[in-house]
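Accompanying notes for the structure given below.
Values reported hereafter were calculated over all heavy atoms of this structure, with side chains retained and with hydrogens, waters and symmetry mates removed. Quick caveat: nothing in here was measured; it's all calculated off a predicted structure.
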Amino acid sequence: MFRNAFEPWHLILIVAVLVLVFGSKKLPDMARGLGRSMRILKSEAKALKDDRPAAEPQPEAAAQPPHPRPESTPTH
């Protein structure tokens with residue numbers, strides 16, 4: 001059904017319609033904004049991936065018993 005969905009003349013037609021709708025002055029600004037957004041998304045995804053192992057509890061810290069509380073002396 002979609003075997004020959006996009007041929008070269010389809011892409012040329014799409015670009016021509018975009019230029020007519022948005023104008024040749026706005027297209028570079030839109031492309032620049034899209035590039036910035038993609039870079040931000042990529043850096044945020046990488047930061048999230050790097051933060052994930054650090055957020056998990058350490059098995060050694062979980063195995064240690066809690067510190068005993070010092071008993072208070074009564075002042076009768």
Side-chain angles (χ1 to χ4, degrees):
M1 182 172 167
F2 294 110
R3 181 181 241 182
N4 294 324
F6 288 109
E7 293 183 12
W9 70 272
H10 288 121
L11 297 176
I12 292 170
L13 183 64
I14 291 171
V15 169
V17 169
L18 287 175
V19 168
L20 288 174
V21 170
F22 294 110
S24 61
K25 291 184 179 182
K26 283 193 173 184
L27 285 176
D29 293 335
M30 290 172 52
R32 194 174 302 118
L34 182 64
R36 285 183 192 148
S37 299
M38 293 302 293
R39 279 193 299 270
I40 290 170
L41 179 66
K42 185 178 177 182
S43 67
E44 291 295 325
K46 184 180 179 196
L48 183 64
K49 184 179 176 184
D50 291 344
D51 287 346
R52 194 168 282 173
E56 294 177 3
Q58 299 292 334
E60 297 133 10
Q64 295 176 354
H67 296 288
R69 291 177 45 188
E71 294 182 26
S72 60
T73 56
T75 56
H76 293 294

Q) With a 4.0 Å cut-off, would you call D29 and K26 a salt bridge? A) no
Q. Given side chains that start at C-beta, do those of V21 and V17 come closer than 4.5 Å, heavy atoms only?
A. yes
Q.
Counting C-beta onward and ignoring hydrogens, is there a side-chain heavy-atom pair between R36 and R39 closer than 4.5 Å?
A. yes
Q. Atom CG in L41, atom CG in L34: separation rounded to 0.5 Å?
A. 10.5 Å
Q: Nearest 0.5 Å please: distance from the OG atom of S43 over to the CG atom of D50.
A: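 Taking OG in S43 and CG in D50, the distance rounds to 11.0 Å.
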ILVMFWY cluster, [X] and [Y] together (side-chain gap under 4.5 Å):
X   : Y   : answer
L13 : L18 : no
V19 : F22 : yes
L20 : L11 : no

